Amino acid sequence: MTRYTDGEIMFFRAVAWSLGLSAPQEFFDWPIDTLQKICNGVGGEGSWLTPVLTWVYANYQASTAIHDVDYHIGGSEADREQCDKRLLNNMLIEWADCHGWSRWFKKLAWRERAQIKIAYVFVRKNGDAYWRHK
C-alpha cells in the first residue's frame, strides 16, 4: 500500500483546486490523516499492482486520490459509475495540464491518454470489489 505524506495530500488538494477537478467536499474537508488512511495510490488496497500503477500514473495522483475518497464514501452502483466517470474526466484534465497545448502532437501524450482510458475500463470492470456498497 502506498502511504502519502502530509505534503503529498496537501499537494493533491492544491492540484484539484487549481485545475477545478470534480471532487466530493470530503476530499477538501476531511483531516489529512484521514485521507492518508483512505488514499492508497493507484489500484485497489492490498493489490500487488498498486505500487507499479502508482508509478505509471504518477501524473494523475490528485484524480486517483479523489477516486479513493469516492470509493470510501460509496453508495449505489449508479453512484459508482458516476465516480468512475469523474475519475476519467479528472484524469483527462490533469493530462491536458501536464502536456499543454502541444499534447495533440506528442506520441507520449497520446500513449498516456490511452493509459487513462485503460484505467477507466479496468476500474469499471474490477472496482466493484473495492466499492463501499450502501
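Since the structure is predicted, the reported quantities are computational estimates derived from the model, not experimental observations.
Within the structure, side chain to side chain donor-acceptor pair (under 3.5 Å) contacts touching residues 11-24 (residues at least two apart or in different chains) are Ser22-Arg86. For residues 14-32, no residue pair satisfies the salt bridge (Lys or Arg N to Asp or Glu O under 4.0 Å) rule, not counting sequence neighbours.
From Ile66, atom CD1 reaches atom SG of Cys83 across 11.0 Å, with rounding to the nearest 0.5 Å. For the atom pair Ile118 CD1 and Leu53 CG, the distance stands at 11.0 Å (nearest 0.5 Å). Distance check, rounded to the nearest 0.5 Å: CG of Asn40 to CG of Asp68 gives 4.5 Å. Interatomic distance, CG of Asn89 versus CG of Asp84, reported as 11.0 Å (0.5 Å rounding).
Contact of the Val42 side chain with the His67 side chain is not registered, since no non-hydrogen atoms from C-beta on lie closer than 4.5 Å. Considering only heavy atoms from C-beta on, Ile73 stays 4.5 Å or farther from Arg132 through its side chain. Inter-residue side-chain proximity for Trp30 and Val69 is flagged as met; some heavy-atom pair is nearer than 4.5 Å. Looking at heavy atoms from C-beta onward, Tyr4 lies in side-chain contact with Gln61 at the 4.5 angstrom threshold. Counting heavy atoms from C-beta on, the side chains of Met91 and Leu88 never come closer than 4.5 Å.
Residues passing the side chain to side chain contact (heavy atoms under 4.5 Å, CB included) test with Asp6 are Ile32, Gln36, sequence neighbours excluded. Checked against side chain to side chain donor-acceptor pair (under 3.5 Å), Asp79 has the following partners two or more places apart in sequence or in another chain: Ser76. Under the ring-ring contact (aromatic ring centres under 6.0 Å, His included) criterion, Tyr120 pairs with no residue, sequence neighbours left out. Take Glu81 and apply the salt bridge (charged side-chain N to carboxylate O under 4.0 Å, His left out) test, not counting sequence neighbours, and it matches Lys85. Looking at residues two or more places apart in sequence or on another chain, you find no side chain to side chain donor-acceptor pair (under 3.5 Å) involving Asn59. Legend: residues meeting ring-ring contact (aromatic ring centres under 6.0 Å, His included) with Phe27, ordered by chain and number and at least two apart, are absent. Under the salt bridge (charged side-chain N to carboxylate O under 4.0 Å, His left out) criterion, Arg103 pairs with no residue, sequence neighbours left out. Judged as a side chain to side chain contact (heavy atoms under 4.5 Å, CB included), and not counting sequence neighbours, the contacts of Asp97 are Leu19. Shown here are the side chain to side chain donor-acceptor pair (under 3.5 Å) partners of Thr34, two or more places apart in sequence or in another chain: there are none.
Ala62 and Ala16 get closest at one heavy-atom pair: CB-N, 4.4 Å. Pairing each heavy atom of Ala65 with each of Cys39, the nearest pair is O-SG, 3.6 Å. Ser63 and Leu87 make their closest contact through O-CD1, 3.7 Å (heavy atoms, listed as atom of the first residue, atom of the second, distance).
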Please report, to 0.1 Å, the donor-acceptor pairs under 3.5 Å made by any side chain of residues 109-117, with sequence neighbours excluded.
unit_1	atom_1	unit_2	atom_2	d
Trp110	NE1	Trp104	O	3.0
Glu112	OE1	Tyr60	OH	2.5
Glu112	OE1	His99	NE2	2.9

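By the criterion of side-chain heavy atoms lying less than 4.5 angstrom apart, applied directly or through intervening Ile, Leu, Val, Met, Phe, Trp or Tyr residues, Tyr57 is not grouped with Phe122; the two fall into different hydrophobic clusters. Both Ile9 and Phe28 sit in one connected hydrophobic cluster of ILVMFWY residues. Membership requires side-chain heavy atoms under 4.5 Å apart, directly or through other members.
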ask   = What do the steps show when you test Glu94 against Asn90 for side-chain contact (heavy atoms from CB on, under 4.5 Å), and what is the final call?
value = CA-CA 6 Å; Glu94 284 194 279; Asn90 282 344; 5.5 Å; no
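Side-chain N or O atoms of Thr5 include one that pairs as donor or acceptor with a backbone N or O of Glu8 at under 3.5 Å.
Between Trp131 and His133, the ring planes are perpendicular. Angles over 60° get that label, and only those under 30° would be called parallel.
Open room surrounds NZ on Lys107; 12 or fewer heavy atoms of other groups in view lie less than 6.0 Å from it.
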